[in-house]
Protein chains: 2
Amino acid sequence: MLKISKKADYALMALQHIASVQFGDITPGRVVNTKEIAEEYNIPLELLAKVLQVLSKNGLIESHNGPKGGYLLARSAGQITIAQILESIEGPLGITDCSHEKEGEFCMQRDHCNIRTPLLKVQDSIAQLLNNMTLEDMLGGTPLITIQSPSAQGVER
Amino acid sequence: MLKISKKADYALMALQHIASVQFGDITPGRVVNTKEIAEEYNIPLELLAKVLQVLSKNGLIESHNGPKGGYLLARSAGQITIAQILESIEGPLGITDCSHEKEGEFCMQRDHCNIRTPLLKVQDSIAQLLNNMTLEDMLGGTPLITIQSPSAQGVER
DNA sequence: ATGATCTCCGATCAATATGGTCGGACTAAG
DNA sequence: CTTAGTCCGACCATATTGATCGGAGATCAT
């Protein structure tokens, strides 16, 4: 339960990769294209492309067209939260259907609903959790990808 | 994103209702049947029935067959956690596909995966949150349902 | 300047999971 | 023994997700 979609998974992997390349010590500032990521992580190329499109559209990354083109983080890794990434792909956080009810629309159970308040509390807790975690935290937490470079030039955050 | 299924919603509503009846001051220990819950909360009868079957099968509630039959909480409200309820309906908690990988099966991205560890951390936090919240907490948080028929115990509305 | 190639982009199709429904089996009261 | 009421298990329709295809735009090499 509460499984996030594959697309969201791919988005996280891709952004982590872009961040590690862009802010790494090997080739800082390098532009990275879709194909590179897809091959590195065995992600279907076209699907990943679509995911990156959405991230670009939502202002998380910048796209550069043409040969030698690719993607670039729109802001620093510390300024991109997990919540922002997931919401870009899967839409706003909502444990229940009635989380974002507009004025005038109610779920069929609303009038006698007994679980709305406590569930919203749970939702807030999760939101807080995801908002306090950034891409930078992900870089530090796990061993970074290591591109085949014989001179292992210490990769750190 | 991270939306829980309707069935899980219904399960929570039903259990909250059963608990509030069983441990309430009006008719303590009363058995409550599917129809009563379905009508009270406008839930499709047959679907709710299926949900309750699963809860019964998983040992959260006890079923009593025949006329005057119905369901009863298997243990006290304080001993039933939200996590147990949700997992009964939607299966074990798993943010990612690789959360419960058996020995020998790996996702296609596993060898270079860079997000597994941090995501598992997030998952643990959510699990802790859901495990620390019980049905009893839900009873206290919201105004209890009020059956509007002090005289007749039976058909209303 | 121009061609060609490489990139991103939008619309389309299949697979899975969910929401919802139907008829049968059992139990216990009258 | 009859009968009404309950739980139970298998079935179908729909919606969301996963994956795919061809086209438009931009940059570099000639």
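Naming: A, B, ... by sequence-line order, numbering from 1 per chain.
Atom CD in B:Gln53 sits roughly 16 Å away from atom P in C:dG20 (whole-Å rounding). As rounded to whole Å, 12 Å separates atom P of C:dG20 from atom CG of B:Asn42. For the pair B:Ile61 CD1 and D:dC7 P, the computed distance is 9 Å after rounding to whole Å. The separation between B:Ile43 atom CD1 and C:dG19 atom C1' is 13 Å, rounded to whole Å. Distance B:Glu46 CD to D:dT6 C1': 12 Å, rounded to the nearest Å. Taking atom CG on B:Asn65 and atom C1' on D:dC8, their separation rounds to 9 Å, with Å as the unit. Distance A:Lys3 NZ to C:dT18 P: 8 Å, rounded to the nearest Å. Regarding A:Leu48, its CG atom lies at a distance of 14 Å from the C1' atom of C:dC9, rounded to whole Å.
Side chain to side chain, B:Gln123 and B:Ser99 meet the donor-acceptor criterion of an N or O pair below 3.5 Å. The closest side-chain donor-acceptor pair between B:His64 and B:Tyr71, if any, does not fall under 3.5 angstrom.
Along DNA chain C, the nucleotide nearest A:Lys68 and the nucleotide nearest A:Lys57 are compared for position; the residue whose nucleotide lies closer to the 5' end is A:Lys68. Projected onto DNA chain D by closest heavy-atom contact, A:Gly66 and B:Thr34 fall at different nucleotides, the more 5' of which corresponds to B:Thr34.
Between the base of D:dG9 and the side chain of B:Lys50 there is no donor-acceptor pair shorter than 3.5 Å.
The side chain of B:Lys6 lies closest to C:dG19 when the candidates are C:dC8, C:dG19, C:dT5. When distances run from any side-chain atom of B:Asn33 to the nucleotides C:dT21, D:dG18, D:dT6, the shortest one goes to D:dT6. Checking D:dT17, C:dC9, C:dT27 against every side-chain atom of A:Ser56, the shortest atom distance belongs to C:dC9. Each of D:dT20, C:dA28, D:dT27 was ranked by its minimum atom distance to the side chain of A:Pro67; first place goes to D:dT27. Among the nucleotides D:dA19, C:dT21, D:dC7, the one closest to any side-chain atom of A:Tyr10 is D:dA19.
In this structure, B:Ser63 reaches the D:dC8 phosphate: one of its side-chain N or O atoms is under 4.0 Å from OP1 or OP2.
Across A:Gly24 and A:Pro28, no two heavy atoms sit closer than the pair O-CB, 3.5 Å.
A distance-only check finds no donor-acceptor pair linking the side chain of A:Asp137 to the backbone of A:Met133 [under 3.5 Å].
Connection of B:Leu55 to B:Leu45 is not established within any shared hydrophobic cluster, with ILVMFWY side chains joined at heavy-atom distances below 4.5 Å, either directly or through further cluster members.
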